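Worksheet for the structure shown next.
Every heavy atom of this structure was used, including side-chain atoms; hydrogens, water molecules and symmetry mates were not. Because the structure is predicted, anything quoted here is derived from the model rather than measured. Convention: sequence-line order gives letters A, B, ...; per-chain numbering from 1.
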2 protein chains.
Amino acid sequence: MVTMREVAERAGVTKQTVSNVVTGRVAVRPATEARVRAAIAELGYVPNLVARSLATGSTRTVGLFVPTVSAPFYADVVEEVEDALEERGHHLLLCTTRRDGERARRHLAGLTSRSVDALLIAGDQGLTGHLPLLADARFPVVLCAWEAPVPPGFPVVTIDYAYGGGLAGRHLRELGHERAVILASPAHSVRVEGFRRAFREDSPVHLAPAPAFRAGLDTALAALRAHPGATALFATHDVLAAAATEAARALGRSVPHDLSVVAHDDTPEGLLSRSTLTSVVLPKREMSRQAVDLALATPPGAVPPAPRLLLPRLVPGASTAPPGG
Amino acid sequence: MVTMREVAERAGVTKQTVSNVVTGRVAVRPATEARVRAAIAELGYVPNLVARSLATGSTRTVGLFVPTVSAPFYADVVEEVEDALEERGHHLLLCTTRRDGERARRHLAGLTSRSVDALLIAGDQGLTGHLPLLADARFPVVLCAWEAPVPPGFPVVTIDYAYGGGLAGRHLRELGHERAVILASPAHSVRVEGFRRAFREDSPVHLAPAPAFRAGLDTALAALRAHPGATALFATHDVLAAAATEAARALGRSVPHDLSVVAHDDTPEGLLSRSTLTSVVLPKREMSRQAVDLALATPPGAVPPAPRLLLPRLVPGASTAPPGG
DNA sequence: CTGAAAGCGCTTACAG
DNA sequence: CTGAAAGCGCTTACAG
C-alpha cells in the first residue's frame, strides 16, 4: 500500500505538503501541487481514511438504525439516507434492530468503539427503554420517523402523522362520506386520531395484529362485516390498504364504487396493488436529508433544536370516489 | 474520551498490559487482570477501534453492494449478511448501487480508502464492465446471488437458478400439466432455461420490462391471452407471480383451478398475495453466511475456490393443482 | 507475566 | 508557501 511518504519522496517534498494538497486545507504553490498530483497518479496513492480518522477524530461514517429493511417505508429511508450521506462524503453503517432492544444495545456499543460521526434512529422501535444509553453517546443522535411521543433531549425530524391522518379524513369528508372504518396497526394511533378529528371522532378502528397482508386481510374482513354501512376505509399502512382492497373484493364490493380506500404511505410504484391508491404520501426524502444535515451539524453536546415536523400530502388515486361511485 | 493509558495508570500497570487483557492475546496474571478490569469498568473505557484498525490493518467492517434494498430478495440478503457479520464481530457498510456503474465505482473508491476487510457484491447488477476495477481491490471481493455468467478470478457463492427453474418445471409436469407460459424478467434467462429443460423446451416466454407489479400485470394478461391453452404459468420473480395471479383473476380464471402458478422466490410471508404460492425458495440465509465466511477467510491475493452453487427447494402452496383443478 | 520502544498513516500547530 | 516535530490510541515484537 503506497503511503503519503512515498508520494512525498517521489515528488521531492515532505509528506506535510502532500497532505496539504490532498486536503486542500493549506494553499500550495501551483508547480509543487502539480508535481504532487503527478506522483499521486503515478503511484496510485489512495489516502488511508483510518489514519486520517485517528488524527482528526472524524470517521466520516454515520450509523443508521432501522427496525427492518424489509418494510418498503424503511427501505426507502435507507436509500434516501444513503444518498444524502454520499453527497456529503460520508458512508453508511447500517444496523437493523428487528425491534430488539438487546440487539440495538450491542450495535450501539459497536458504533461507539467504531467512533461514528453520528447516529440516526428511524422509527420509534419500542427502544425508548434503551434511550438513556443514547443520552450519553459520544456522537450526536438524531431521531426520525418517530410517531410515539418524542423523548426530550434529542434532536428529531419526523413527520406530522396526525396531519396525514387529517388529510385522509378531510378527503373522504369532502367526497361526501359519512361513515368510515379505520384499519390500523397498533403503533399508528397518532394517524388514527388525526383521521378521527378530521372525519368523525367515533369512527371505529380495527387493529391488525401486524402490518402484514394476511393479518390485514382478516382484520379488514372483520371490519367490513362489522360495519356494513361504512362507505370508506382508512388504512394506516400500505400493506393494510392492499389487504383492505382485497377484502372488499372478496366481499363482492368494488373499489371505489362500493368502498373508498385511502392509504397512508403507499409505495409509489403501487407495488402491492393493481391500480393506484389514494394515499397520504410521506416526505421520506426531505426527512432523510434534514436528519442527515442535523446529525452532521449538531455539535456533540449541543442543546437540541425544536423537533421538526414535516407535512405529508394527499395524492389522489383511483381508490376513492363519492359514496356510491 | 478515556484511553488505554488512563486505564493503565488507574490499575497501576502499563498500557501494554491493558491491551493484553482487552485483546486476550497474551495471558495476564489473574490478580492483574482483575485490577485492569476494575479500572476499565470504573472509567467506562471503550477501546478505540479506529486506533486498533490503524495498528492491525483490520477494520472489522465489510462492505455490501446490492442494487437496491427495496426488492424483498435483497432486503432479506442485507439482513442475513448483517446477522452473519454481527456473529463474527463485524459491521456492515451498505452501498446500494441502483444498478449504476458510476455509483458503484464511487462506492468502491470509498471502501478502498476506508479499508474495509472485504466486499460482498450481491446480484450481477450489470456491473460486469466495472469488474476489472475489482480485480485489484485491496480486499477480498466475493460475488453472490449471481445469475449471469460468473466472471473468472472471483470467489462466488450463488444459487443454482437453473436447478430452481427445473424444480418448478418438474412440479408442473408431475401434476400433469402439458402447456405452460413463462413470465420472466429479462435478467432471469437461467431460470427460464432450467424450467424449459425440465418441462418443455418450447414453452413460450413473455418478458416483463421490469420486475414490477404493473409491468407484470400487463405482460401476464398478454401472455394468458396469447396462450389460452396453457394450464400453468411459471413466474421467475415473486412480484411477477403476484401479478400473474391478478391477471388470471381479471380474465375470470381461478387459481389453481383454471391456472396453476409457480413462483420463484416468493417472499415467505406471502406479503404480496392472498394465499400462499407454490414457490421455488432460495437459500438466502445459507448463501449469505457462506459468502461472509468466504470473504473473511480468503487471504487478499488467494486463488479463488471453485464457485459454490446452493440448491433452492420447492415449497408447495395453494397455487398449483392438476390441470382442471 | 510485565515493561520500554517503535510504528500504523495521517493531521495539526508552529517555525522558518 | 514548505519543513520538522509531536501526537491521534492502539498493537506488536522484543527484552527482562
From the set [options], return the single nucleotide nearest to any side-chain atom of [X].
| X | options | result |
| --- | --- | --- |
| A:Val26 | D:dT2, C:dC10, D:dT11 | D:dT2 |
| A:Thr32 | D:dT2, D:dA4, C:dG9 | D:dT2 |
| A:Val28 | C:dT2, D:dT2, C:dT12 | D:dT2 |
| A:Tyr45 | D:dG3, C:dC10, D:dC10 | C:dC10 |
| B:Ala51 | C:dT2, D:dG9, D:dC1 | D:dG9 |
| A:Thr17 | C:dT11, D:dG3, D:dA4 | D:dG3 |

Aromatic rings B:His107 and A:His91: how do their planes relate, parallel, tilted or perpendicular, breaks at 30° and 60°?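 Ring orientation of B:His107 relative to A:His91: perpendicular.
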Any carboxylate oxygen within less than 4.0 angstrom of a Lys/Arg side-chain nitrogen, looking at [X] and [Y]?
| X | Y | value |
| --- | --- | --- |
| A:Glu6 | A:Lys15 | no |
| B:Asp160 | B:Arg308 | no |
| A:Asp117 | A:Arg138 | no |

For atom [atom1] of [X] and atom [atom2] of [N], their distance in whole Å:
| X | N | atom1 | atom2 | value |
| --- | --- | --- | --- | --- |
| A:Arg114 | D:dG9 | CZ | C1' | 16 Å |
| B:Lys15 | D:dG9 | NZ | C1' | 8 Å |
| B:Met4 | D:dT12 | CE | P | 11 Å |
| B:Asn20 | D:dT12 | CG | P | 10 Å |
| A:Arg5 | C:dT11 | CZ | C1' | 17 Å |
| A:Gln16 | C:dG9 | CD | C1' | 12 Å |
| B:Arg25 | C:dC1 | CZ | P | 14 Å |
| B:Glu6 | D:dG9 | CD | C1' | 11 Å |

Side chains of A:Arg5 and A:Thr3 only: does a donor on one sit below 3.5 Å from an acceptor on the other? no
Distance (rounded to the nearest 0.5 Å) between A:Phe65 CZ and A:Tyr74 OH: 13.5 Å
Is B:Ser53 touching bases, backbone alone, or none of the nucleic acid, heavy atoms closer than 4.0 Å? nothing
Please report the closest heavy-atom contact between B:Tyr45 and B:Asn48, naming both atoms and the distance. OH-N, 4.4 Å
Closer to the 5' end of DNA chain C via nearest nucleotide, is it B:Leu54 or B:Ala27?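 Closest to the 5' end, via its nearest nucleotide, is B:Ala27.
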Given the rule that a pair is Watson-Crick or G-U wobble with both distances under 3.5 Å, how would you write DNA chain D in dot-bracket, using | for pairs to a different strand? |||.||||||||.|||
Looking at B:Ser19, does any N or O in its side chain come under 4.0 Å of the phosphate oxygens OP1/OP2 on D:dC10?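 B:Ser19 to D:dC10 OP1/OP2: no side-chain N or O under 4.0 Å.
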Please determine whether a side-chain nitrogen or oxygen atom of B:Arg52 lies at a distance below 4.0 Å from atom OP1 or OP2 of D:dG9. no
Candidates B:Thr298, B:Val292, B:Asp293 - the one meeting side-chain contact (heavy atoms from CB on, under 4.5 Å) with B:Leu296: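 Testing each of B:Thr298, B:Val292, B:Asp293 against B:Leu296, the sole residue satisfying side-chain contact (heavy atoms from CB on, under 4.5 Å) is B:Val292.
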